[in-house]
Amino acid sequence: MAADPGSRGAGLGSRAATVASGILLSRIAGFVRDRAVAYWFGVGAYADVFRTALRGPNILQNLLGEGTISAAFIPIYSRLIEDGREEDAGRFAGAILGLLIAAAAVVALLGVVLAPEIVTLLAPGFLTDAEHVAAGTATVDRFPLAVVAVRIIFPMTGVLVLSAWALGVLNSHRRFFLPYVAPVLWNVAIIVGLAVAGAGASASETVAAADLRDRLLIGACLGALAGGALQFGVQLPLVFRLLRGFRLSISIRIEGVREAVRAVGPVIAGRGVYQLSAYLDLLLASLLAAGAVGALGWAQTLYVLPVSLFGMSVAAAELPELSRQSGPEAGSTFVERLRRSLRQMAFLIVPTTVGYLAFGFLLVGALYRTGRFTVADNWLVYLVLAGYTVGLPATTWSRLLQNAYYALRDTRTPARIAVARVTVSAAAALPMMFALDRVPLGRVAGGAGTGLFLGAAGLSAASALGAWTELLLLRRGLVRKVSAIALPAG
């Protein structure tokens, strides 16, 4: 068998490059997906509904999925493998999978049953749409559409959580490419769903514009559901070739399971704070002028690309290695790995930050300006992206510092610091978003953008302030645990 690019002999750069290449391919597929969605929906009511329908599953996936697996599963599983106890590691993996299946099934069922309540929590602004439609000030009632979309998409949550378990197993065995390229299938499935729905509508003799977008929305949601299953399934053959002693169970008596379960609580609390922040952004955006939810979504797609490529790739590649070197007392090798990784991130993320601020308008236009996505939409998404970009270096470095805490088996400190981040972001967001939502886009975009306002840009700028707060607090706490961790500001 050919050597895996993330094998034992590979260095930090090779492992991170392997992760980054998988992420890049999945992000490219994501951009193609977003361009298809932008073509059909633009920045408007249907884009708001689709983003809202995806938000609930994404929140729960992040709570129970990759972030939790990284903190609670990988350090224990990696140490068992490093000690040569692969049979014990396999049994541990089987017990964790069994617990995840049980939790994911319950969550998915509740999501389908409680879809109206979920939409009410995620986007309370949708509740007033019926009144606006009746008054003739709006043309689309987003609430019932969002309920249908959530019911279709929500079972995807459970499958994506299981996909995160497969990612944890593969990363622990230094197999990085497959789990990070697997989301390509999820994006492709959504594109296929849109294409099939659009082709079916085109075959009809007469289809009203609203009916066409209804069909396209349902097609995209069905594609997302099918894509989740494909993303998990493609990883399973390699996972089961690597596992030894695997047996599916829900026992907490297996070695390592109790420790992982104890770690899950603080991790979920910390991840929950991040998801609370995302929920607050969505909730607050739903209270702003129409288009704010969609604009946040388009901007976030671009914002998370460098975070994934230059932050997650290095952090994911280093977590198993930092876990192996943490021991009772983290030594100089641990600290040096951390410093080298921070420098590597800075080398890539600082030019990206400058590029987004200087050329973001052109980038947004090149990717999204098509069909119903207009020049005004281009301006609004760019301004929102600029707000997020100010916090890009902080968010990227924080990913690595969080994993350093996890490797040291401290899941509580990052959770407490996450609370501080969200508190700062929310406190800044409220005055900024409402003040800017009174400013028409045309005032800063040369008259473009009738009906669009700048409130969403206030939300993204407040998020950047919270990101820098989190980074400084993470660094200060880590200095107390190991040694001076200098951020590569120069």
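The first residue of the sequence shown is numbered 1, and numbering continues consecutively from there.
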(message) Does any part of the side chain of Val49, heavy atoms only, come nearer than 4.5 Å to the side chain of Leu217, both counted from C-beta?
(response) yes
(request) Apply the test side chain to side chain contact (heavy atoms under 4.5 Å, CB included) to residues Met156 and Trp186: give CA-CA distance (whole Å), side-chain angles for both, the deciding distance (0.1 Å), then the verdict. (result) CA-CA 10 Å; Met156 174 192 75; Trp186 184 74; 3.1 Å; yes
(request) Taking the side chain as every heavy atom from C-beta outward, state whether Val181 and Ser26 have any atom pair closer than 4.5 Å. (result) no
(message) More than 12 heavy atoms of other residues, nucleotides or ligands under 6.0 Å from CZ of Arg343: yes or no?
(response) yes
(request) Kindly indicate whether the side chain of Asp48, heavy atoms from C-beta on, has any atom under 4.5 Å from the side chain of Phe126. (result) yes
(message) Are the side chains of Phe143 and Thr120 in contact, using a 4.5 Å heavy-atom criterion?
(response) yes
(request) Could you walk me through whether Leu363 and Tyr356 pass the side chain to side chain contact (heavy atoms under 4.5 Å, CB included) test, one step at a time? (result) CA-CA 8 Å; Leu363 179 60; Tyr356 269 9; 3.6 Å; yes
(message) Distance check, rounded to the nearest 0.5 Å: Leu145 atom CG versus Thr52 atom OG1?
(response) 11.0 Å
(message) Looking at Glu117 and Arg151, is there a salt bridge between them, counting it only when a charged N and a carboxylate O are closer than 4.0 Å?
(response) no
(request) Measure from the side-chain N and O atoms of Trp165 to the backbone N and O of Phe73, and report whether any donor-acceptor pair falls under 3.5 Å. (result) no
(message) Working to the nearest 0.5 angstrom, can you tell me the gap between Ser398 OG and Leu471 CG?
(response) 4.5 Å
(request) Check Ile349 against Pro306 and note the closest heavy-atom contact, atom names and distance. (result) CD1-CB, 3.7 Å
(message) I need the minimum non-hydrogen distance between Ala394 and Trp468, along with the two atoms involved.
(response) CB-CD2, 3.5 Å
Per-pair distances, 0.1 Å, donor-acceptor, side chain in residues 452-465, under 3.5 Å, sequence neighbours excluded:
residue: Ser460; atom: OG; partner: Val384; partner atom: O; Å: 2.9
residue: Ser460; atom: OG; partner: Ala457; partner atom: O; Å: 3.0

(request) Taking all non-hydrogen atoms of both residues into account, name the closest pair between Ala29 and Ile191 and its distance. (result) O-CD1, 4.2 Å
(message) Just verifying a value: how many Å separate Asn187 CG and Asp34 CG, rounded to the nearest 0.5 Å?
(response) 8.0 Å
(request) State the CD-OG1 distance between Gln402 and Thr413, to the nearest 0.5 angstrom. (result) 11.5 Å
(request) Check Ala189 against Gly223 and note the closest heavy-atom contact, atom names and distance. (result) CB-O, 3.1 Å
(request) Given side chain to side chain contact (heavy atoms under 4.5 Å, CB included), test Thr374 with Arg369 step by step and report yes or no. (result) CA-CA 6 Å; Thr374 65; Arg369 197 189 300 171; over 6 Å; no
(request) Inspect the contact between Arg416 and Asp410 and indicate whether a charged nitrogen and a carboxylate oxygen are less than 4.0 angstrom apart. (result) no
(request) Check whether any side-chain N or O of Thr137 sits under 3.5 Å from a backbone N or O of Val133 as a donor-acceptor pair, and report yes or no. (result) no
(message) If you define the side chain from C-beta out and look only at heavy atoms, does anything of Leu478 sit under 4.5 Å from Leu408?
(response) yes
(request) From the options Trp298, Trp379, Phe41, Tyr39, select the one residue that forms a ring-ring contact (aromatic ring centres under 6.0 Å, His included) with Tyr368. (result) Trp298
(request) Kindly check if the number of other-residue, nucleotide or ligand heavy atoms within 6.0 Å of CD (Glu131) is above 12? (result) no
(message) For the CZ atom on Phe31, are there more than 12 heavy atoms of other groups (residues, nucleotides or ligands in this structure) within a distance under 6.0 Å?
(response) yes
(message) Contact between Arg142 and Tyr46 at the side-chain level, heavy atoms closer than 4.5 Å - yes or no?
(response) no
(message) Nearest 0.5 angstrom please: Leu401 CG to Leu472 CG, how far?
(response) 10.5 Å
(request) Decide yes or no for Tyr388 and Thr395: does some side-chain heavy atom of the first lie under 4.5 Å from some side-chain heavy atom of the second? (result) no
(message) For a 4.5 angstrom cut-off between non-hydrogen side-chain atoms, does Leu400 reach Leu342?
(response) yes
(request) I would like to know whether Tyr180 and Asn171 meet side chain to side chain donor-acceptor pair (under 3.5 Å); could you show each step before the answer? (result) CA-CA 10 Å; Tyr180 287 101; Asn171 280 7; 3.2 Å; yes
(message) If you compare all heavy atoms of Gly228 against all heavy atoms of Leu160, which two are closest, and at what distance to 0.1 Å?
(response) CA-CD2, 3.9 Å
(request) Rounded to the nearest 0.5 Å, what's the gap from CG on Leu302 to CZ on Arg27? Could you check? (result) 10.5 Å
(message) As a quick check of understanding, evaluate side chain to side chain contact (heavy atoms under 4.5 Å, CB included) for Val159 and Gln231, giving each step before the final call.
(response) CA-CA 8 Å; Val159 184; Gln231 180 177 330; over 6 Å; no
(request) Specify the closest pair of heavy atoms between Phe232 and Leu162, including all atoms of both residues, with the distance to one decimal. (result) CE1-O, 3.4 Å
